[in-house]
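To keep things clear, I will list the structure first and then write my remarks on it.
The chains referred to below are lettered A, B, ... by the order of the sequence lines, with proteins before strands, and numbering in each begins at 1. Only heavy atoms go into these numbers, but all of them, side chains included; no hydrogens, no water, no symmetry mates.
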Amino acid sequence: MSELQPMATKGIRGKAVGKLLTSLQSLWGVLAIVLLWELWVNLSQLNTIVMPRPLDVVSDIASAPGVYFASTAQTLLLAVVGLILGMIIGTALAILTWLSRILAGLLTPLGLIFASVPVVALIPVLARIFGYDIRTVLAIVVIISFFPAFVFTTAGLRAPPPGSDDLFRALGAPTLRRLWLLAIPAAVPEWAVALRLAAANSILAAMVAEFLMGTSGLGHLFHAARADLDMSRALGASAIATVISVMSFLAASRFEKKVRQHWS
Amino acid sequence: MRISTLAPHSSRSSDTATAPSIRVSEVTKQFQLDDGREIQALRDMSLELGQSEFVALLGPSGCGKSTILRLVASLESPTSGVVEVNGRPPAELARQHRLGVAFQDHALLPWLDVAANVALPYKVAGLPVDVKRVSELIRLVGLAGFERARPKQLSGGMRQRVAIARALILAPDVLLLDEPFGALDAVTRRQMNIELQRIWSEQRITTLLVTHAVDEALFLADRIIVLSGRPGRVIRTLEVPFARPRHADIMRSEAFHRLCDELTDALETPVEETL
Amino acid sequence: MRISTLAPHSSRSSDTATAPSIRVSEVTKQFQLDDGREIQALRDMSLELGQSEFVALLGPSGCGKSTILRLVASLESPTSGVVEVNGRPPAELARQHRLGVAFQDHALLPWLDVAANVALPYKVAGLPVDVKRVSELIRLVGLAGFERARPKQLSGGMRQRVAIARALILAPDVLLLDEPFGALDAVTRRQMNIELQRIWSEQRITTLLVTHAVDEALFLADRIIVLSGRPGRVIRTLEVPFARPRHADIMRSEAFHRLCDELTDALETPVEETL
Amino acid sequence: MSVVLSERIRTLLLGSLGVGIFLGLWEVVGRLRLLGLSWPPLTEVLALLGTPARWSLFARALAASLEALTVGYLIGLISGIIAAALAHLTPSLKLGLDRTSAVIHAIPSIALAPLFILFLGRNATPAALAALSVFFVSYVATSSGLGSVPRPLQDLVHVLGGTRLTQFVRLDLPAALPVLASGMRLAAPAALIGVIVGEWFGAPRGLGVLVINAMQNFQIPLLWSAVLLAVLVSLTLFGLLGLLQHYVARRFR
Amino acid sequence: QSAAKVRVQIGWIPNVQYAGEWISLERDLFAKHGVSVEWYPGGPNALPAPVVLAAGKADLGYSTWFPLLDAVAKGNDLVMIGAVFPKNPLGIISLAKKPILKPRDLAGAKVLAQGPNEKTAIDATLSLAGLPVQWTQVPAGFSPEPLLAGEGDGYTAFGVNQTITLEQMGLKWGKDFHFVSFDDLGFRTYGAVLMTTRAYLDRNRPAVVGYLRGIIQGWQENEKDPAIAAHLAAEKYGADFGLDLKQQIRQNELQIPLTRYDEQGKLRLALDREIMSGPMYAAARATGRTNLPDVDKLADFTIVSEAHQSL
Ligand SMILES: Nc1ncnc2c1ncn2[C@@H]1O[C@H](COP(=O)(O)OP(=O)(O)OP(=O)(O)O)[C@@H](O)[C@H]1O
Ligand SMILES: Nc1ncnc2c1ncn2[C@@H]1O[C@H](COP(=O)(O)OP(=O)(O)OP(=O)(O)O)[C@@H](O)[C@H]1O
Ligand SMILES: O=C([O-])O
Ligand SMILES: [Mg+2]
Ligand SMILES: [Mg+2]
């Protein structure tokens with residue numbers, strides 16, 4: 001309290017300055033990157049088809065908000081739907097393996113194998129299977145989100161707090177109640193880690209997939225702009241994906257932190 | 001609010017005729033360590049608890065006290081020998097939700113608050129939660145006002161008390177307590193002893209208590225069993241002579257102090273540990 | 001092997017003239033909880049320890065005993081009031097590696113084995129490890145043979161004993177012990193008490209001990225300070241009348257039992273806790 | 001003894017059965033052309049991989065990707081650890097470094113790859129992208145590991161008169177190792193993805209080069225062979241680093 | 001006298017499409033003309049040559065024609081100096097039961113098309129033919145399977161690539177399937193356009209001429225035996241790309257007629273001012289490109305003839 005008081009008495013201007021300072025403290029790295037970019041383009045006299053300046057990118061976004069919005073909406077939708085589906089399927093499968101030792105035996109090594117697969121490298125293969133459209137993009141995002149959900153939820157279900165497993169056995173808990181009252185709640189923090197990993201990656205995976213074989217969305221916008229040597233637009237699409245990805249990451253991190261606080 | 005107002009658990013009244021007794025007969029228990037070596041925790045251990053008897057186990061660290069409790073709770077099975085509760089395998093008792101346990105690690109669920117932790121056995125048994133009984137037991141263990149607190153916000157002693165309330169909530173037929181008061185300060189411990197004494201006197205739950213405190217065992221138990229170092233064997237049995245109901249004052253009596261010293265002597269073994 | 005063969009720590013002999021005394025003067029300590037509420041752990045607390053004095057602190061859970069130790073260890077600073085060790089800020093003592101502590105949670109480094117944990121203070125102080133002294137202290141706390149074991153392979157009581165050995169390894173000027181024997185069974189605890197007594201008698205380290213066990217306090221301390229519930233205030237001070245060296249037998253004497261009962265009375269306060 | 005053993009055998013059997021079923025399904029789907037020409041039978045892919053005439057092609061691709069992977073992995077790992085240590089020792093830098101690493105991680109690799117090709121060269125790009133992925137994972141893992149030292153241990157070193165550096169060396173670093181080891185494991189597939197995407201943008205050789213060209217030229221068995229090799233590389237690293245993780249977790253927790 | 005070093009960015013992976021390059025390199029034809037060539041592979045996602053030139057990372061480059069136009073429109077001082085394919089091999093494959101051979105066949109058709117460039121080409125082809133721009137794009141990759149499965153009437157492809165895939169699947173060209181190039185449909189472009197920067201050309205004209213001499217000779221040699229360059233591509237210059245030798249031989253057979261200028265009465269690689277300012281500029285306008293530079297600013301028509309003179 002005593003440490004907070006001087007801050008409060010500084011009033012609105014003090015607050016504003018404080019806010020500026022905190023955001024500077026967190027954003028200096030990003031500012032430095034943008035500044036270096038600007039300096040570098042200026043000093044090496046780079047052509048816009050090679051590398052535009054940061055301001056060119058911003059003004060391109062401002063000049064065609066409709067185009068950006070449509071692509072962003074499309075990619076975001078795919079990323080979100082894919083993320084949700086992937087998390088649901090991964091979680092459900094983890095629960096199934098918890099329930100059945102046979103299923104667990106069958107699926108755990110496969111899960112490990114697939115968790116180590118560089119999924120993005122599979123996009124060309126998956127495109128052949130699902131088709132060259134948003135179904136494949138969706139499939140990629142689902143798979144990208146599925147693996148962490150499966151791996152982390154499986155681990156979480158199997159790590160209840162010390163002693164609680166014995167407690168439930170002594171209390172005579174039937175399997176389903178042990179699942180519902182113990183294993184699932186115990187898995188929530190690990191599940192949140194999976195969400196954090198998947199949330200940041202889903203939009204990026206969607207974009208790579210759209211880039212390679214999509215017909216719409218930010219990845220396609222990037223692809224088409226590059227084909228037209230319109231680097232401002234290509235980087236504009238990337239910048240939007242970056243912002244969304246960072247925001248998802250931060251939001252998911254905050255969620256995870258909250259869960260951890262509540263769960264410890 | 002006294003515990004006497006707590007209605008006995010519904011499933012109980014019909015079972016009075018079959019109230020259990022515990023029989024551990026010629027039990028040997030070996031554990032295998034990761035490196036393949038075997039540890040014999042118990043050898044040819046036999047003990048019996050009659051209906052509604054309160055027995056305390058005393059013994060040096062590592063002599064197998066917790067193992068006995070875990071055998072009765074059906075959490076371990078004996079390498080050889082038999083464990084029965086009321087003539088049936090102990091797993092049946094657990095399955096019927098008629099067992100109350102409070103173990104060394106309190107095993108509270110960190111995501112539940114105090115009230116929900118105490119109410120957990122209802123949920124596990126698929127019974128509706130008796131909210132009134134939950135709050136009465138919380139008050140009884142001195143935690144009124146902490147219903148909404150979560151385990152990490154409690155001190156170690158407070159957590160143990162939550163575990164005790166949880167062990168009692170379903171008015172079980174058999175109560176297994178493993179060092180339930182280890183983390184409490186002397187005063188709180190004594191008060192908890194007094195409360196437990198009163199609850200037990202009213203419900204006469206068959207109880208097996210592991211403790212390191214000689215005075216606690218003397219104050220609470222009908223019978224005290226002293227075990228040797230590992231592998232645990234019974235080296236002494238003491239019928240506690242104090243009449244019930246027992247008042248806290250007996251702990252200051254000459255006889256009490258004398259029995260204390262006597263049991264302490266029986267326990268005395270070298271401190272040196274070996275692998 | 002007896003502790004008397006242990007050479008006092010080199011840095012000490014020159015300091016004998018300035019052997020410290022502890023002064024806690026009018027100290028108030030407030031903590032802020034996450035939700036903004038304030039907790040007053042200590043209010044206007046004063047106490048003093050003379051050179052080479054052994055003082056035990058008794059008091060109900062949450063009354064601020066650990067907080068006092070943490071203030072003396074410079075792990076907290078008082079909200080108001082002064083804490084001094086030998087007339088200097090307590091942080092200086094820590095910086096000079098002249099402080100020995102064993103806290104409630106034994107705080108062993110999980111990746112070091114028993115010997116390395118005990119030897120840690122040497123490393124932190126940048127001194128060469130006295131291997132012989134390390135193994136002597138390990139034997140003293142009854143853990144010979146466990147030098148290579150890592151903390152997770154030890155029982156709770158064994159871990160506490162490692163922490164005690166570590167607290168003593170540099171032959172500190174001031175020893176702060178917070179419930180050092182809480183996880184031990186009665187017998188081991190008594191034996192550890194006897195060892196600590198002997199070590200102390202030989203080195204006369206100024207010692208502040210927090211304990212829940214009245215008999216332990218009586219057996220070990222020159223003076224016992226009883227604190228009230230939170231915020232902690234001194235409600236009783238007892239000069240322990242037993243002459244040193246004390247033999248374990250005194251614990252069975254009439255006088256001992258009487259003082260025990262008396263201190264227990266002084267401690268008696270309602271178990272009810274409030275936020 | 002026998003209980004433990006039979007449990008292990010059971011797990012092994014079920015696991016092999018699971019993998020076997022998967023491989024069998026792959027073969028059947030390929031034989032019956034259930035997913036079209038794009039999904040060849042496993043035996044066809046293995047046959048191509050087993051063709052001695054193709055071995056030098058696969059060997060060169062594998063060597064190029066592995067070299068990029070190793071270089072990128074090591075650079076990313078070391079810089080991630082250094083950055084996390086810096087953030088840990090200089091709290092005023094921490095928030096900014098956290099954000100910056102998150103942002104760097106969030107820049108789509110398809111946007112970075114062309115730039116890297118131009119300014120780092122086509123040979124260095126796969127390693128550079130791998131390094132970025134690994135940097136992020138190891139930064140996050142090391143940071144959380146360094147911050148995971150329980151308060152009582154910190155207090156202990158303080159009371160013993162330890163300096164900030166003592167605390168870092170004796171406490172923070174060892175405590176961070178288990179988390180770092182799991183991070184290192186997760187970083188392996190991430191690094192391989194970086195290498196492959198980097199190779200897609202004009203590298204002279206590598207598994208990613210094979211993948212993208214086989215895709216464009218409808219060389220289906222070649223495409224699957226390259227993917228299978230990539231998966232094997234990833235799986236091997238994942239497994240080896242899993243052993244490391246296991247060892248570190250046992251040793252330092 | 002040491003050879004002038006020329007850095008060349010090719011427009012695709014090092015396959016037989018650059019047959020002239022490989023033969024010249026293999027037979028030291030460049031060295032004979034005083035240049036030493038360092039070449040860089042392109043590929044599906046690689047940077048287009050105009051960007052590499054603008055960044056100063058190459059001296060000469062091959063790409064399709066529109067990126068060059070776009071780069072010049074953005075103020076880059078690039079010059080076009082030649083083209084390997086006077087007729088672009090990009091076109092449409094269709095099946096016998098519903099062939100696409102004329103622009104009118106495209107109207108209202110369902111076409112499997114890979115990306116934005118292919119879409120633009122079809123739009124422009126229809127509008128150049130005065131037809132309504134009405135057709136359905138079905139997204140596709142590089143597999144002809146959807147065409148065979150009837151998911152579209154046509155499939156955008158290279159006459160020297162996917163056609164071979166169909167042949168390998170046992171289909172007969174002209175009987176089971178047809179191919180028509182966009183050029184034949186009236187959408188004229190060059191393929192594999194050779195370019196450099198004006199500044200480089202001004203300072204290093206002899207080197208550029210030397211390179212052209214080497215490459216022209218290489219392509220001439222290629223006419224004699226399509227297998228030679230195919231072997232070089234699959235086994236040496238493109239050895240890391242997993243090329244299929246038989247496919248490369250067939251591709252070279254198919255592409256050789258497309259690289260012939262003598263059919264049009266022109267020198268190999270030579271640009272045609274009339275075709276550029278006429279049908280090609282019309283095609284560019286049909287794609288929506290408006291800011292087209294003067295043909296003589298865009299292209300240097302003198303270099304290829306200079307190269308041929310002393311051969
Ligand atoms: N799961 C196990 N695996 C291996 N050894 C075990 C296991 N459980 C118990 N033991 C060993 O069996 C012996 C008895 O253990 P137990 O926990 O019953 O002792 P205890 O009497 O309860 O001791 P304490 O008073 O310290 O709680 C110990 O030596 C212990 O190391
Ligand atoms: N860091 C902290 N933040 C908030 N409150 C604290 C903190 N440390 C101690 N307290 C509070 O201060 C009071 C005194 O705590 P302290 O740990 O000193 O008690 P104690 O006497 O040692 O109790 P015990 O016998 O249970 O160990 C308690 O109410 C505790 O909740
Ligand atoms: O882009 C071409 O070089 O054809
Ligand atoms: Mg035990
Ligand atoms: Mg305390």
Tell me, for D/V233 versus chain A, whether the close heavy atoms (under 4.5 Å) come from the side chain, the backbone, both or neither. neither
For the residue pair A/W98 and A/R158, what are the closest heavy atoms and their distance?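 Heavy atoms only, the tightest pair is CA-NH2, 3.4 Å.
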Where does [X] contact chain D at under 4.5 Å (heavy atoms): side chain, backbone, both or neither?
| X | result |
| --- | --- |
| A/L31 | neither |
| A/V50 | both |
| A/M207 | both |
| A/I102 | both |
| A/R226 | side chain |
| A/L107 | neither |

Taking side chain as C-beta onward, heavy atoms only, is D/F201 less than 4.5 Å from D/T125?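 No, their side chains stay 4.5 Å or more apart.
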How about A/T75 and A/E210: does a side-chain donor come under 3.5 Å of a side-chain acceptor?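 Result is yes, a qualifying pair exists.
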Name the member of D/L95, D/I110, D/L17 that forms the most heavy-atom pairs with chain A at distances under 4.5 Å.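 It is D/I110.
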Taking every heavy-atom pair that is under 4.5 Å apart, which of D/L115, D/D98, D/T11, D/I104 has the most such pairs with chain A? D/L115
Kindly determine whether A/F249 and D/F136 satisfy ring pair (Phe, Tyr, Trp, His ring centres under 6.0 Å), including the steps that lead there. CA-CA 13 Å; A/F249 179 77; D/F136 178 71; 5.6 Å; yes
Check: D/F119 ring centre within less than 6.0 Å of A/W40 ring centre: yes
Give a yes or no on whether the ring-centroid distance for A/F152 and A/F147 is below 6.0 angstrom.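 No.
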Working to the nearest 0.5 Å, report the span between CG of D/L180 and CZ of D/R185.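 So the gap between those two atoms works out to 14.0 Å.
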